[in-house]
*Asks:* 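One structure follows; several queries about it will come next.
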Amino acid sequence: MTPPSTPPDTLEELQHRVNAIAGLSLGDLACSANIKVPANFKKEKGWTGQLIELWLGASAGSKPEQDFVNLGIELKTLPITTTGKVLETTYVCYAHLTGNAGLNWQNCNVRNKLQHVLWLPVIGQRNISPAQRQVGTGIFWQPNALQEQRLRHDWEEHMDNIALGNIESLSAKAGDVLQLRPKAADGSVVTDATGVDGQMIKTRPRGFYLRKNFTQEIIDCAFDR
DNA sequence: CAATGATCATGC
DNA sequence: GCATGATCATTG
């Protein structure tokens with residue numbers, strides 16, 4: 001088995017690719033693709049995601065759009081335990097801290113990405129080596145009305161705070177399902193933002209993240225629990 | 001011991 | 001620096 005060289009043309013094709021790697025370990029997938037598996041993810045934290053992208057034929061790159069643009073689907077790997085518990089929060093996208101006038105929930109990047117996502121659970125327990133971690137069954141998900149409402153509520157609250165110059169007092173504690181956290185190579189990276197008095201300030205870049213309770217709910221629902 | 005805040009790799 | 005892929009590790 002080798003990784004596909006083209007993106008999937010249809011949802012069915014994508015589903016087949018997902019089914020083909022379900023149950024396999026990251027070691028199997030890396031070996032078949034001639035890639036070396038890191039001993040741990042202290043470095044190369046995005047390794048799993050990039051390996052799965054390769055196997056599903058996702059268009060690589062850092063473009064702010066879905067992984068499968070033609071299908072309108074976003075791919076997310078989700079680290080879980082063998083008993084199905086979500087281990088980490090999920091990065092959604094970069095948060096712009098200025099120039100957000102005219103941006104609303106309907107046209108924002110968060111909604112655009114979460115409109116239709118393919119969740120791929122992967123064992124992520126640290127006591128299981130990366131090579132041995134198994135890929136689970138893919139879950140095609142679209143937010144229901146209530147889920148979208150909760151996401152929208154948190155998103156609007158965060159965006160209001162950003163616009164009002166409260167970015168420095170915003171912590172990851174805000175938001176029931178969607179949080180704002182630092183997102184940068186290290187603490188030296190800064191970007192423009194609006195300060196409390198409306199002046200331009202420099203602050204650490206932020207990103208939107210999905211809380212664990214939210215993603216847990218998605219997989220529980222998918223496994224009918 | 002979960003969650004927040006920090007950090008790693010890569011390609012512009 | 002921005003944006004993608006995320007997990008690490010200190011701390012409350």
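Order of the sequence lines fixes the chain letters, A, B, ..., with proteins taken first and strands second; residue numbering starts at 1 for each chain. Keep in mind the model is a prediction, meaning the values are calculated, not measured.
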*Asks:* Respond yes when some side-chain nitrogen or oxygen of A/Lys43 is under 4.0 Å from OP1 or OP2 of B/dA9, and no when none is.
*Replies:*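 Answer yes for this pair, as a side-chain N or O of A/Lys43 is under 4.0 Å from OP1 or OP2.
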
*Asks:* Distance check: side-chain N/O of A/Lys42 vs OP1/OP2 of B/dT7, anything under 4.0 Å?
*Replies:* no

*Asks:* From B/dA2, C/dA3, C/dA6, pick the nucleotide closest to the side chain of A/Tyr209?
*Replies:* C/dA6

*Asks:* Looking at the side chain of A/His96, which of C/dA6, C/dT7, C/dA3 is the nearest nucleotide?
*Replies:*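 Out of C/dA6, C/dT7, C/dA3, the nucleotide with an atom closest to A/His96's side chain is C/dA3.
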
*Asks:* Using OP1 and OP2 only, check whether a side-chain N or O of A/Gln50 sits under 4.0 Å from C/dT4.
*Replies:* no

*Asks:* Please tell me if A/Thr90 has a side-chain N or O lying less than 4.0 Å from either OP1 or OP2 of C/dA6.
*Replies:*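 A/Thr90 to C/dA6 OP1/OP2: no side-chain N or O under 4.0 Å.
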
*Asks:* Hey, which of these two, A/Glu65 or A/Arg126, hits DNA chain C nearer its 5' end, going by closest nucleotide?
*Replies:* A/Glu65

*Asks:* With a 4.0 Å limit, can you tell me whether A/Arg181 has a side-chain N or O closer than that to the phosphate oxygens OP1/OP2 of B/dA3?
*Replies:*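 For B/dA3, neither OP1 nor OP2 has a side-chain N or O of A/Arg181 closer than 4.0 Å.
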
*Asks:* Identify which nucleotide among B/dA9, C/dT4, C/dC8 has an atom closest to any side-chain atom of A/Tyr91, counting heavy atoms from C-beta outward.
*Replies:*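 Ranking B/dA9, C/dT4, C/dC8 by closest atom to the A/Tyr91 side chain puts C/dT4 first.
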
*Asks:* Does A/Lys63 contact B/dG11 through a side-chain donor or acceptor facing the base, at a distance under 3.5 Å?
*Replies:*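 No, the side chain and the base share no sub-3.5 Å donor-acceptor pair.
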
*Asks:* Salt-bridge test for A/Lys45 and A/Glu88: reply yes if a basic N is under 4.0 Å from a carboxylate O, no otherwise.
*Replies:*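 Between A/Glu88 and A/Lys45 there is no salt bridge, as every charged N stays at least 4.0 Å from the carboxylate O atoms.
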
*Asks:* A/Thr89 has a side chain; which of C/dA3, B/dC8, C/dT7 sits nearest to it?
*Replies:*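 Side chain of A/Thr89 sits closest to C/dT7.
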
*Asks:* Is there a side-chain contact between A/Lys113 and the phosphate of C/dT4, meaning an N or O under 4.0 Å from OP1 or OP2?
*Replies:*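 Checking A/Lys113 against C/dT4: at least one side-chain N or O falls below 4.0 Å of OP1 or OP2.
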
*Asks:* Is the closest basic N to carboxylate O distance between A/Glu168 and A/Arg206 below 4.0 Å?
*Replies:* yes

